[in-house]
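Notes for the one structure printed next.
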Amino acid sequence: MKFQVQSLIQTALTRLVDAEVLPAAANTEPYLERARQRSHGDFASNVAMVLARHAGMKPRELAERIIENIPESELIERVEVAGPGFINVFVSDFAYRQELREIRSMGARYGEVRAENLPRIMVEFVSANPTGPLHVGHGRGAAYGDALVRVLRKAGYEAASEYYVNDAGRQMDILATSVWLRYLELTGAEIVFPDNAYRGDYIYDIAATCHREYGERFVTDAGELFADLPVDAEARIDALTARARAALEDDYRVIFDVTLDTLVEDIRSDLAQFRVEFDTWFSERSLVESGAIDRAVAHLSEAGLLYEKDGALWFSSTGFGDEKDRVVRRANGQYTYFASDIAYCLNKKERGFDKLIYIWGADHHGYVTRTRAAFEALGNDPDEFIVLLVQFAVLYRGGEKVSMSTRSGEFVTLRELRREVGDDAARFFYALRKVEQHMDFDLDLAKSKSNENPVYYVQYAHARVCSVFRQIREKGIAHDAEGADLSLLVEAREQDLVRDLSRFPEVVEAAARAYEPHQVAYYLRELAQAFHTYYNAHPFIASESALRDARLVLIDAARQVFANGLELLGVSAPESM
RNA sequence: GCGCCCAUAGCUCAGCUGGAUAGAGCGUUGGCCUCCGGAGCCAAAGGUCAGAGGUUCGAAUCCUCUUGGGCGCGCCA
């Protein structure tokens with residue numbers, strides 16, 4: 001509805017440009033917002049105040065000229081100039097009735113925004129190292145990223161979701177070695193398990209799987225394995241992984257892959273149950289093995305952006321605003337993690353994505369500048385490289401901060417959070433905060449099945465409508481939705497509800513543009529309030545048949561919008577609770 | 001020391017390219033079912049938008065500085 005009004009005002013601007021009242025530059029999409037107060041109409045535009053200076057006119061005067069040039073439309077009741085030069089638009093009842101019909105006919109598709117020439121977007125998120133289960137911080141990134149992808153798609157963007165699997169590098173080697181050492185313990189070997197190896201229970205589980213599937217195949221002489229190891233802990237673990245490789249030869253890859261597959265599958269199923277699904281799981285190892293890193297480095301080299309110093313290969317990122325240059329290949333000949341990032345970036349562009357969105361934990365913010373520098377150095381527009389940082393979530397239970405230490409025994413994993421508060425509550429709570437805001441996650445509140453919990457407030461609204469329709473069916477009451485006379489919806493609370501319903505496409509569009517799915521959550525809460533208020537004030541079933549038909553169309557439209565909105569957040573819309 | 005994020009009601013947070021009288025939930029206080037689900041509704045109280053300057057018709061919003069909190073500054077991943 002807003003978009004239609006917007007285009008009417010735009011037509012007026014075009015006419016004024018043609019009449020040379022306004023400069024050609026003024027012929028843009030006018031800014032239009034929902035009026036905050038009813039007395040200001042339905043929509044308000046500040047376009048006259050913005051353009052007044054360019055036109056050499058007073059704002060109110062220009063506003064009058066714009067209004068004169070707005071085409072006749074049955075959508076508009078009247079248009080007024082107000083205050084310092086606002087253009088206030090009063091939408092006709094006809095327009096609102098038409099919107100209700102629109103919701104009914106579009107169904108699950110209502111809220112979709114038709115848009116053209118939008119960029120293809122790659123949204124990469126979570127991408128946690130597959131070295132263990134996801135924790136609640138990853139959960140926030142997952143809930144946010146998934147909701148963002150859903151919102152972008154609803155708004156007409158072609159958005160792809162991807163999980164970058166860090167399956168190459170030192171940490172994975174340490175992980176595979178950790179599994180092997182536990183496996184050796186299972187086969188009776190006496191070993192000293194290093195402190196800086198992975199010690200989680202899941203390592204035992206994977207080791208047991210290896211033992212079950214492969215028997216004694218990976219057994220080696222432990223005494224030889226631990227002989228003459230370096231004293232330094234980091235050097236020792238690296239020496240162990242090197243010896244594991246040497247001792248196991250081709251079998252090293254078998255253990256490595258069993259470990260990797262097990263952990264990735266664990267993460268995948270955890271996320272899928274959380275209703276977070278990815279289009280693709282992209283392997284870092286595939287970048288290494290396909291030579292993509294060499295290619296990316298060659299790219300930068302040809303551009304003259306690499307140099308050697310102290311035996312290492314450096315990228316001169318300072319030329320792109322970074323505080324210092326970064327190493328891409330160490331003196332020992334190995335590429336850094338950053339080199340993979342550069343290659344990955346290049347790979348995404350080669351797959352045809354115009355815009356790259358990265359969702360990272362706030363602790364990674366130091367990597368933004370250098371990675372954007374690489375993106376730009378590869379010949380791209382830095383504005384197409386977007387990093388959205390997710391701030392930390394702090395859990396509270398009983399008013400006390402929950403320790404996030406892995407050893408404390410307090411729950412830290414996403415799976416535990418999901419089990420404790422439920423997927424719907426967890427997703428809604430995550431969605432209720434904009435990502436750059438630090439988050440206090442109140443477990444007691446999320447768990448409470450009471451009026452304190454905003455999830456139920458919205459879901460309850462949906463369930464209530466479903467319940468009304470169940471009653472209709474049970475009582476055999478006839479309901480003619482198609483023939484309903486919607487002009488009977490004259491109550492103030494009915495009109496408030498219709499107005500809120502008609503905002504849904506605008507909310508989707510705004511949420512997508514700002515990468516802020518939390519706007520959907522707040523909208524749904526406001527809509528639920530309008531619905532509950534209406535529900536309490538007027539009867540549906542008990543009213544006479546013509547009015548009943550109209551009111552049932554209204555609440556059924558509300559049901560549809562609740563369902564569509566909750567879908568965007570990955571929260572279920574129950575028919576009963 | 002340098003850099004990024006944040007600061008709005010007692011608490012947790014919204015506030016839409018800067019816009020008209022700054023909003024909501026929880027909590028507090030007082031009300032509402034002979035009726036469709038009380039996980040509901042209505043109402044009241046509650047604010048120097050951290051502080052100080054600046055930009056302009058207009059600032060919670062943009063800029064500068066200060067204060068306070070979170071995080072980051074490896075040839076780690």
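Lettering follows sequence order; numbering is per chain, from 1.
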*Rounded to whole angstrom, note down the C1' distance from B/rA7 over to B/rA60.*
11 Å
*Pick base, sugar-phosphate or nothing for A/T369, based on heavy-atom distances below 4.0 Å to the nucleic acid.*
nothing
*Considering only the C1' atoms, how many Å lie between B/rA43 and B/rC6, rounded to the nearest integer?*
35 Å
*Checking only heavy atoms, does the side chain of A/Y430 share a donor-acceptor pair with the base of B/rC13 at less than 3.5 Å?*
no
*Quickly work out the A/Y523 OH to B/rC13 P distance and round it to whole Å.*
25 Å
*Under a cut-off of 3.5 Å for both distances of each Watson-Crick or G-U pair, what dot-bracket string does RNA chain B give, using [ ] for crossing pairs and | for inter-strand pairs?*
(((((((..((((.....[...)))).(((((.......))))).....(((((..]....))))))))))))....
*Determine the contact category for A/E234: base if any of its heavy atoms lies under 4.0 Å from a base atom, sugar-phosphate if only primed atoms, P, OP1 or OP2 are that close, otherwise nothing.*
nothing
*Could you tell me whether A/D496 and A/R38 have a side-chain N and a carboxylate O separated by less than 4.0 Å?*
no
*Parallel under 30°, tilted from 30 to 60°, perpendicular over 60°: which one fits the rings of A/Y535 and A/F540?*
tilted
*Just call it for A/S467: base, sugar-phosphate, or nothing, with non-hydrogen atoms closer than 4.0 Å on any strand.*
base
*asked:* Work out how far the P atom of B/rG19 is from that of B/rG23, and round it to whole angstrom.
replied: 14 Å
*asked:* Is it the case that the base of B/rG40 and the side chain of A/N536 share a donor-acceptor contact (distance under 3.5 Å, atom types as modelled)?
replied: yes
*What is the nucleic acid contact for A/M439, judged by heavy atoms within less than 4.0 Å: base, sugar-phosphate only, or nothing?*
sugar-phosphate
*When you get a sec, tell me which of B/rC41, B/rC36, B/rA77 is the closest nucleotide to the side chain of A/P539?*
B/rC36
*For A/H518, report the nucleic acid contact type (base, sugar-phosphate, nothing); a contact means any heavy atom under 4.0 Å.*
sugar-phosphate
*Could you please name the option among B/rA20, B/rC41, B/rG3 that lies closest to any side-chain atom of A/H365?*
B/rG3
*Which part of the nucleic acid, if any, lies within contact of A/K58, taking any heavy atom under 4.0 Å across all strands shown: a base, the sugar-phosphate backbone alone, or nothing?*
nothing
*Would you please determine if the base of B/rC36 is stacked by A/F540, with stacking meaning a centroid separation under 5.5 angstrom and planes under 30 degrees?*
yes
*Answer with yes or no whether the side chains of A/Q171 and A/T131 bring together a donor and an acceptor at under 3.5 Å.*
no
*Using only heavy-atom distances, decide whether a donor-acceptor pair under 3.5 angstrom links the side-chain of A/N88 to the base of B/rA20.*
yes
*Base, sugar-phosphate, or nothing: which does A/A461 touch, judged by heavy atoms less than 4.0 Å apart?*
nothing
*Length of the line joining A/Q391:CD and B/rC5:P, which is rounded to integer Å*: 9 Å
*For A/D310, report the nucleic acid contact type (base, sugar-phosphate, nothing); a contact means any heavy atom under 4.0 Å.*
base
_Side-chain donor-acceptor pair present, A/S502, A/R34, cut-off under 3.5 Å_ = yes
*Report which part of the nucleic acid A/A510 touches: base, sugar-phosphate, or nothing (heavy-atom distance under 4.0 Å, all strands).*
nothing
_Validation row: A/F86, A/S45 side chains within 4.5 angstrom (heavy atoms)_ = no
*A/N166 near the nucleic acid: base, sugar-phosphate alone, or nothing, with a heavy-atom cut-off under 4.0 Å?*
nothing
_From B/rC42, B/rC36, B/rG69, nucleotide with atom closest to A/R493 side chain_ = B/rC42
*Which whole-number value in Å describes the distance from A/Q437 CD to B/rC4 C1'?*
15 Å
_Pairwise P distance for B/rU8 and B/rA52, with rounding to whole Å_ = 16 Å
_So A/D238, base contact, sugar-phosphate only, or nothing? Heavy-atom distance under 4.0 Å._
nothing
*Given that A/E33 and A/A362 both sit by RNA chain B, which one's nearest nucleotide is further toward the 5' end?*
A/E33
_Base, sugar-phosphate or nothing for A/H538? Non-hydrogen atoms, less than 4.0 Å._
base
*Which listed nucleotide (B/rA77, B/rC36, B/rG19) is nearest to the side chain of A/Y535?*
B/rC36
*asked:* Parallel, tilted or perpendicular: which one describes the rings of A/H518 and A/Y522, with boundaries at 30° and 60°?
replied: perpendicular
*Counting side-chain heavy atoms from CB outward, which of B/rG25, B/rC5, B/rC73 is closest to A/R525?*
B/rG25
*Do the numbers put A/R427 on top of the ring of A/Y430, so that NZ or CZ is under 6.0 Å from the six-membered ring centre and no more than 45° off the axis?*
no
*asked:* Strictly below 4.0 Å, N to O, side chains only: are A/D232 and A/R236 in salt-bridge contact?
replied: no
*Can the ring centroids of A/H364 and A/Y358 be said to lie less than 6.0 angstrom from one another?*
no
*Tell me what A/Q529 touches on the nucleic acid: a base, only sugar-phosphate, or nothing, going by heavy atoms under 4.0 Å.*
sugar-phosphate
*Could you check whether A/F392 gets within reach of a base, just the sugar-phosphate, or nothing at all, counting any heavy atom under 4.0 Å?*
sugar-phosphate
*Among B/rA20, B/rA39, B/rA77, the one nearest A/Y456 by side-chain distance*: B/rA39
_Do the side chains of A/R433 and A/E516 get close enough for a salt bridge, i.e. N-O under 4.0 angstrom?_
no
_A/K434 NZ - B/rA24 C1' separation (whole Å)_ = 14 Å
*Specify the separation, in whole Å, of atom NZ of A/K324 and atom P of B/rG72.*
15 Å
